[in-house]
Amino acid sequence: MTQYVVHGGRPLHGSVNISGAKNAAVAIIPATLLVEGKCRVENIPDISDVHDLMNILTTMGAQVRRVGATTWEFDCTHVRQTRAPFDEARKIRASYYLIGALLGRYGKAEVAMPGGCDFGSRPIDQHIKGWEALGAEVEIIGGEVLAHSDARLKGSGVYLDIESVGATMNTMIAAVLAEGTTVIENAAKEPHVVDLANFLNSMGARVSGAGTDVIKVRGVNRLQGGFYSIIPDQIEAGTYLMAAAATGGSVTVTNVIPKHLDCITVKLREMGCRITELDDAVRVDAPAKLRRTNVKTMPYPGFPTDMQPQIAVCMALAKGTSIITEGVYDNRFRYVAELHRMGARAQVDGKVCVIEGMDGLAGAPVKACDLRAGAAMVIAGLAAQGTTVVEEIHHIERGYENIIEKLRGLGADIPRIDVPETAPVNAAG
Ligand code: EPU
């Protein structure tokens with residue numbers, strides 16, 4: 001069992017380089033299945049979700065090799081396998097993009113229902129709606145999504161009932177090689193939706209409108225190899241900004257697109273932080289005491305649900321009472337029970353969490369319930385007095401490249417240690 005031991009109470013200072021965007025990379029990697037020829041993709045983050053996807057592609061017959069520090073080359077020209085390895089695919093959420101890509105290229109896909117963070121029910125009905133609109137038949141049997149189309153997929157209108165990031169990107173992926181034009185309405189507008197469209201276009205696709213709520217995909221006969229560089233990770237950058245705010249420090253995140261961070265920095269400003277924007281960097285200077293604020297999470301350009309646990313820690317340390325309304329998922333407050341262990345005063349009622357700010361948190365053993373909740377535990381530990389042991393850190397390492405080294409570079413004292421597994425304790429109740 002590996003844990004982070006966070007010795008808290010030191011403000012973070014300095015600058016940290018932000019890696020490529022996880023949620024763009026995990027769509028672009030499966031989308032390389034559409035391409036005949038070699039794709040070189042730069043700025044791929046070194047995280048376990050990315051490696052899991054690369055292993056799946058390799059098992060299916062793709063050639064995947066590292067050609068630079070953050071650059072990988074993918075050659076899926078000779079892949080003929082349309083079934084993804086079951087156990088590997090069901091571990092991660094982004095394996096659902098394999099379905100769109102296999103369906104688009106071969107008219108057939110067999111991929112386990114996706115895994116990923118547990119935020120309550122996470123259906124994929126809107127993805128299925130997109131594939132079916134393009135002419136595919138889709139069934140779920142034995143925990144596997146079986147999709148096929150005897151003829152080439154046909155472009156069509158797809159109105160998404162929910163502004164779903166995954167369904168928008170998956171419909172786009174499936175539509176790229178379809179015959180005719182697909183129009184996706186009520187599309188998600190996240191930066192990684194635009195990044196996927198730019199990747200596909202750089203390989204020869206004809207996608208327009210990404211970043212607005214109507215995306216048009218004009219089908220082409222084939223995609224050819226090329227070079228692409230992934231955008232910086234908005235959420236990783238936001239996480240370091242929140243860590244600086246919570247610890248009362250000052251941190252510059254570099255290699256970012258400041259515009260993508262506006263929805264986060266606006267809240268930090270409300271909480272009393274000074275924000276300085278540079279060309280490709282953003283600096284936060286925290287006040288002596290944060291001020292309260294309210295947040296409702298929403299699709300981009302709203303405040304991201306993936307920043308909700310991290311800002312909750314700042315609110316727990318702010319002056320006054322803050323309210324978070326979760327507008328995307330059914331159940332994204334499981335981590336609040338962990339914050340209680342550190343003395344936070346927070347009450348959850350359905351999709352609302354009321355947080356009464358206090359003077360400090362106290363270190364405690366806590367667990368990472370999921371990726372962003374895990375990052376929030378690290379932030380809470382950095383801000384707390386005493387030592388916080390964060391368990392189940394595999395969740396964190398799914399999505400944060402070198403988090404320990406990056407935090408150490410900002411002055412954190414946070415060893416990553418291996419401890420022997422202990423026998424489970426039988427607990428009643
Ligand atoms: N939804 C449906 N039906 C669908 C698809 C989505 O009801 O077919 C619902 C979801 O249950 C949720 C809402 O729509 O309530 C939004 O879900 P969305 O499809 O936008 O999310 P996702 O594709 O499952 C991606 C990211 C998440 C991020 C969300 C929202 C990946 C692999 N995951 O998930 O990232 O929270 O978009 O921005 O890209 C993370 O990075 O920590 C993370 C959880």
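Whatever order the structure lists ligands and atoms in, that order sets their numbers, starting from 1. Numbers for residues simply follow the sequence, beginning at 1. Owing to the predicted nature of the structure, the values given are computational and were not obtained by experimental measurement.
Within the set Asp306, Ile235, Asn331, Ile162, the minimum heavy-atom distance to atom 1 (N) of ligand 1 is found for Ile162. Nearest-residue assignment for atom 21 (O) of ligand 1 (options Tyr300, Tyr329, Tyr96; heavy-atom criterion): Tyr329.
Glu163 has a carboxylate O that lies under 4.0 Å from a charged side-chain N of Lys189, or vice versa, which qualifies the two as a salt bridge. With respect to the salt-bridge test (charged N to carboxylate O, under 4.0 angstrom), the residues Lys91 and Glu88 do not qualify. A salt bridge is absent between Lys22 and Asp233; no separation between the charged side-chain nitrogens and carboxylate oxygens falls under 4.0 Å. Using a 4.0 Å cut-off between charged nitrogen and carboxylate oxygen, Arg341 and Glu338 count as a salt-bridge pair. Using a 4.0 Å cut-off between a side-chain N of Lys or Arg and a carboxylate O of Asp or Glu, Glu110 and Lys108 qualify as a salt bridge. The existence of a salt bridge linking Asp306 and Arg332 is confirmed by a sub-4.0 Å separation between a basic side-chain nitrogen and an acidic carboxylate oxygen.
Of the protein's heavy atoms, Asp125 OD1, 2.8 Å lies nearest to atom 3 (N) of ligand 1. Looking at atom 15 (O) of ligand 1, its nearest protein heavy atom turns out to be Val328 O, 2.6 Å. Closest to atom 41 (O) of ligand 1 among all protein heavy atoms lies Arg372 NH2, 2.8 Å. Counting only heavy atoms of the protein, atom 26 (C) of ligand 1 lies nearest to Asn23 ND2, 3.5 Å. In this structure, the protein non-hydrogen atom closest to atom 4 (C) of ligand 1 is Pro123 O, 3.0 Å. Closest to atom 8 (O) of ligand 1 among all protein heavy atoms lies Gln126 N, 2.7 Å. In terms of protein heavy-atom proximity, atom 19 (O) of ligand 1 is closest to Ser164 OG, 2.6 Å. At the shortest separation from atom 20 (O) of ligand 1 among protein heavy atoms lies Val165 N, 2.8 Å.
Atoms of ligand 1 found under 4.0 Å from any heavy atom of Ile124 (numbered from 1 in listed order, with element): 4 (C), 8 (O). Of all the atoms in ligand 1, the ones that sit under 4.0 Å from a non-hydrogen atom of Gly166 are 19 (O), 23 (O). In summary, the atoms of ligand 1 found under 4.0 Å from a heavy atom of Arg122, numbered by their order in the structure, are 11 (O), 22 (P), 24 (O), 34 (O). Ligand-side atoms of ligand 1 in range of Phe119: 44 (C), range being under 4.0 angstrom from any heavy atom.
Surrounding NZ of Lys351 are more than 12 heavy atoms belonging to other residues, nucleotides or ligands, all under 6.0 Å away.
Not one N or O on the side chain of Arg398 forms a donor-acceptor pair closer than 3.5 Å with the backbone of Asp49. Remark: side-chain polar atoms of Lys129 are paired, donor with acceptor, to backbone N or O of Tyr159 under 3.5 angstrom.
Not one N or O of Cys117 is nearer than 3.5 Å to an N or O of ligand 1, by distance alone. Remark: ligand 1 and Val26 share no N or O pair separated by less than 3.5 Å (distance only, no angle test).
Looking at Ser121 against ligand 1, only its backbone comes within 4.0 Å, counting heavy atoms. Here Lys22 has side-chain heavy atoms under 4.0 Å from ligand 1, and that is the only part of it that gets that close.
Using bins of under 30°, 30° to 60° and over 60° for the plane-to-plane angle, the ring pair Phe119/Tyr329 lands in the tilted bin. By the 30° and 60° cut-offs, the orientation of the rings of Tyr228 relative to Phe199 is perpendicular.
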